[in-house]
Amino acid sequence: MIDIRLLRDQPDVVRASQRARGEDEGIVDAILDADEQRRSALTAYESARAEQNRIGKEVARAKGDDKAALLAQVKDLAARVKDLDATAAAAGARYDALMLSIGNVIEDGVPAGGEDDYVVLEHIGTPRDFEAEGFAPRDHLDLAEGLDALDMARGAKVAGSRFYFLKGVGARLEMAMLTLAMQRAIAAGFVPMITPTLVNRTTMAGAGFIDHHLDEVYHLPADDLFLTGTSEVALAGYHSGEVIDVADTPIRYAGQSSCYRREAGSYGKDTRGIIRVHQFNKIEMFVYCHPDQARDEHRRLLAMEREMLDLMEIPYRIIDVAAGDLGGPAARKFDCEAWVPTQGRYREVTSTSNCTTFQARRLGTRFKGEKGNEIAATLNGTLATTRWLVALLENHQQADGSVLVPEALRPGVGLDVLTPVAP
RNA sequence: GGAGGCGUCGCCUAGUCCGGUCUAUGGCGCCGCACUGCUAAUGCGGUUUGGGGUAGCCCCCAUCGAGGGUUCAAAUCCCUCCGCCUCCGCCA
């Protein structure tokens with residue numbers, strides 16, 4: 001949720017943000033109008049209620065005829081208070097619905113436009129020239145099956161399409177990668193967390209996934225619990241309703257969890273291998289900080305992602321995601337995209353968002369500031385995830401189907417080279 | 001799944017049986033002031049959170065786990081839900 005005071009004081013800022021996102025800027029005036037109505041309805045209710053409270057105290061003191069007279073007088077008032085309360089509640093509900101539907105105000109410098117209007121900030125590393133090396137690269141699924149590292153067929157048998165088993169060196173590679181990511185996060189001052197992957201409705205809504213991404217979320221109706229698509233959800237809920245101490249120093253968490261996504265609406269997309277799956281693992285960074293520090297903290301999360309990708313020794317680029325592709329809570333988002341040789345293009349492997357106070361306002365996460373309690377800022381970013389295996393396998397493959405393990409992962413995997421097994 | 005207990009303004013706690021004087025008691029902590037070589041101790045005052053009104057001093061509304069209901073009036077009565085604790089049952 002955005003700050004209503006910003007919308008009242010500088011509606012043009014919000015209009016410009018909506019325009020850049022390609023969304024309706026008329027909603028700004030709709031909200032201002034609803035806010036006006038809500039406040040006048042509230043004032044009407046509150047003054048009637050004050051009158052009722054005042055007479056109520058007289059009733060308590062009065063006796064006999066006086067009391068009977070007062071009761072007769074206040075009976076109508078009680079009915080009127082009830083009506084005014086209902087009116088105010090309805091006006092409040094209209095206002096809330098509008099406020100929840102508007103996305104965060106974008107940060108200065110975010111490219112305008114939609115999915116294809118991103119700006120490439122930097123390329124790191126150079127894709128290998130397989131033609132010059134004299135062989136055609138195999139895709140990650142071929143490679144992984146050759147290494148007996150991945151079993152898609154049995155994943156489908158046991159759970160359905162887009163499920164899989166990571167097996168043998170596949171499991172070892174993922175565990176080594178996740179462990180390295182966690183160790184680096186700890187070294188950088190992040191508090192390691194293993195989070196709940198099932199959360200209640202309140203938490204899911206607070207993180208913003210019920211209003212906007214409901215189709216992508218697994219729901220367990222018997223218990224009204226939701227499987228989370230990222231530990232961001234649990235980490236955002238962690239300090240909900242609390243006053244935390246981030247006036248000077250950010251609180252930084254690194255959450256490890258399995259992540260679950262329905263991938264509804266992506267039928268036919270990325271059906272080969274593990275690029276798009278229903279369940280995967282991820283190390284997610286999540287930061288609470290003073291709003292004034294959010295921008296710097298965002299760059300710090302990006303730097304963490306870069307260092308980790310550098311250790312994977314894979315070529316990647318960094319993009320500044322366009323306003324229309326940000327998602328509601330983000331004011332700015334940087335994605336790192338790794339080179340996938342067999343697709344001849346870059347694919348998203350990390351994503352870091354600065355949600356400023358948008359998410360925390362909804363979750364009620366505050367800190368003691370100079371002007372009393374203020375809303376904290378939240379940020380998140382990927383430090384490692386299962387999809388990275390695609391880039392690791394494809395970029396480090398050799399002509400014989402073996403795969404070199406990057407230096408940084410060798411201690412964790414316990415191998416320098418992953419070698420194909422006999423068929 | 002069953003039985004019982006509990007949930008009060010940062011923490012602990014009184015109040016709930018029997019609705020109104022609850023503007024929620026007291027302690028701890030915290031903040032300010034006073035006193036005191038310094039510290040400590042002591043005394044006095046302040047200290048829930050959110051919203052609305054106001055130029056401002058301030059005023060008003062809501063808030064006793066959450067949501068409904070009864071009533072002129074609810075921390076207090078009724079209903080539903082949530083969470084925690086104890087015991088029993090079941091159990092990858």
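By convention in this document, chain letters (A, B, ...) are assigned in the order of the sequence lines, proteins followed by strands, and residues within each chain are numbered from 1. Predicted model only: the values in this text are computed from it and were never measured. Worth knowing before you read on, the calculation uses all heavy atoms, side chains too, and leaves out hydrogens, waters and symmetry mates.
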Task: Ionic contact status for A/E216 with A/R261, cut-off 4.0 Å - done: no
- [ ] For B/rC61 and B/rU23, measure between their P atoms and round to the nearest Å.
- [x] 11 Å
Task: Side-chain donor/acceptor of A/N395 to backbone N/O of A/A391, under 3.5 Å - done: yes
Task: Assigned partner base of B/rG7, Watson-Crick or wobble definition, under 3.5 Å - done: B/rC82
TODO: In plain terms, say whether A/R347 and A/D270 are close enough for a salt bridge, that is, a side-chain N and a carboxylate O under 4.0 Å apart.
DONE: yes
TODO: Report yes if a side-chain nitrogen or oxygen of A/R39 is closer than 4.0 Å to either non-bridging phosphate oxygen (OP1 or OP2) of B/rG51; otherwise report no.
DONE: no
Task: Under-3.5 Å donor-acceptor pair between A/E46 side chain and B/rG51 base - done: yes
Task: Salt bridge A/D139-A/R272, side-chain N to carboxylate O under 4.0 Å - done: yes
Task: For B/rC44, the Watson-Crick or wobble counterpart (both distances under 3.5 Å) - done: B/rG32
Task: Short side-chain N/O contact from A/R366 to OP1 or OP2 of B/rG50, under 4.0 Å - done: yes
TODO: Please figure out whether A/I4 or A/A78 has its closest RNA chain B nucleotide nearer the 5' end.
DONE: A/I4
Open item on the list: Check this for me, if you would: do A/R15 and A/D29 make a salt bridge, where the nitrogen-to-carboxylate-oxygen distance has to be below 4.0 angstrom?
Closed with: yes
TODO: Provide the distance between the two P atoms, one in B/rC30 and one in B/rA40, to the nearest whole Å.
DONE: 10 Å
Task: Candidate nucleotides B/rG52, B/rC72, B/rC61, ranked by approach to the side chain of A/R49 - the nearest - done: B/rC61
Open item on the list: Please give the distance between the P atoms of B/rG83 and B/rU70 as a whole number of Å.
Closed with: 27 Å
- [ ] Figure out the CG/P separation between A/L42 and B/rG50, and round it to whole Å.
- [x] 16 Å
Open item on the list: Applying a 4.0 Å non-hydrogen cut-off, can you work out what A/L71 is touching in the nucleic acid: base, sugar-phosphate, or nothing?
Closed with: base
Task: Between B/rC30 (P) and A/D245 (CG): distance, integer Å - done: 16 Å
- [ ] Could you measure between the two C1' atoms, the one in B/rC60 and the one in B/rG65, and give it in whole Å?
- [x] 26 Å
- [ ] Send over the distance from A/I55 CD1 to B/rG20 C1', rounded to a whole Å.
- [x] 15 Å
TODO: To the nearest Å, give me how far apart CZ (A/R54) and C1' (B/rA73) are.
DONE: 14 Å
- [ ] Specify the separation, in whole Å, of atom CD1 of A/I244 and atom C1' of B/rG10.
- [x] 15 Å
TODO: Determine the interatomic distance between C1' on B/rA75 and the same-named atom on B/rG19; round to the nearest Å.
DONE: 10 Å
Open item on the list: Please determine whether a side-chain nitrogen or oxygen atom of A/N53 lies at a distance below 4.0 Å from atom OP1 or OP2 of B/rC72.
Closed with: no
TODO: Map A/T43 and A/K57 onto RNA chain B by nearest heavy atom, then report which one ends up closer to the 5' terminus.
DONE: A/K57
Task: Distance, P atom - from B/rU54 to B/rA66, rounded to whole angstrom - done: 30 Å
Open item on the list: Measuring to OP1 and OP2 of B/rC82, would you say a side-chain N or O of A/R201 lies under 4.0 angstrom away?
Closed with: no
- [ ] Measure from the side-chain N and O atoms of A/D416 to the backbone N and O of A/L404, and report whether any donor-acceptor pair falls under 3.5 Å.
- [x] no
Task: Identified pairing partner of B/rU23, criterion: Watson-Crick or G-U wobble below 3.5 Å - done: none
Task: A/D85 CG to B/rG52 P, straight-line distance once rounded to whole Å - done: 16 Å
Task: Pairing partner of B/rA62 (Watson-Crick or G-U wobble, both distances under 3.5 Å) - done: B/rU49
- [ ] Just compare B/rG52, B/rA62, B/rC72 and give me whichever is closest to any side-chain atom of A/Q52.
- [x] B/rC72
TODO: Send over the distance from A/E51 CD to B/rC60 P, rounded to a whole Å.
DONE: 13 Å
Task: Nearest-angstrom distance from the residue atom NZ of A/K82 to P of B/rA74 - done: 11 Å
Open item on the list: Base, sugar-phosphate or nothing for A/N373? Non-hydrogen atoms, less than 4.0 Å.
Closed with: sugar-phosphate
Task: Lys/Arg N to Asp/Glu carboxylate O, A/E297 vs A/R252, below 4.0 Å - done: yes
Open item on the list: When the P atoms of B/rU21 and B/rU16 are compared, how many Å lie between them, rounded to an integer?
Closed with: 14 Å
TODO: Can you tell me, in whole Å, how much space there is between the C1' of B/rG1 and that of B/rU76?
DONE: 33 Å
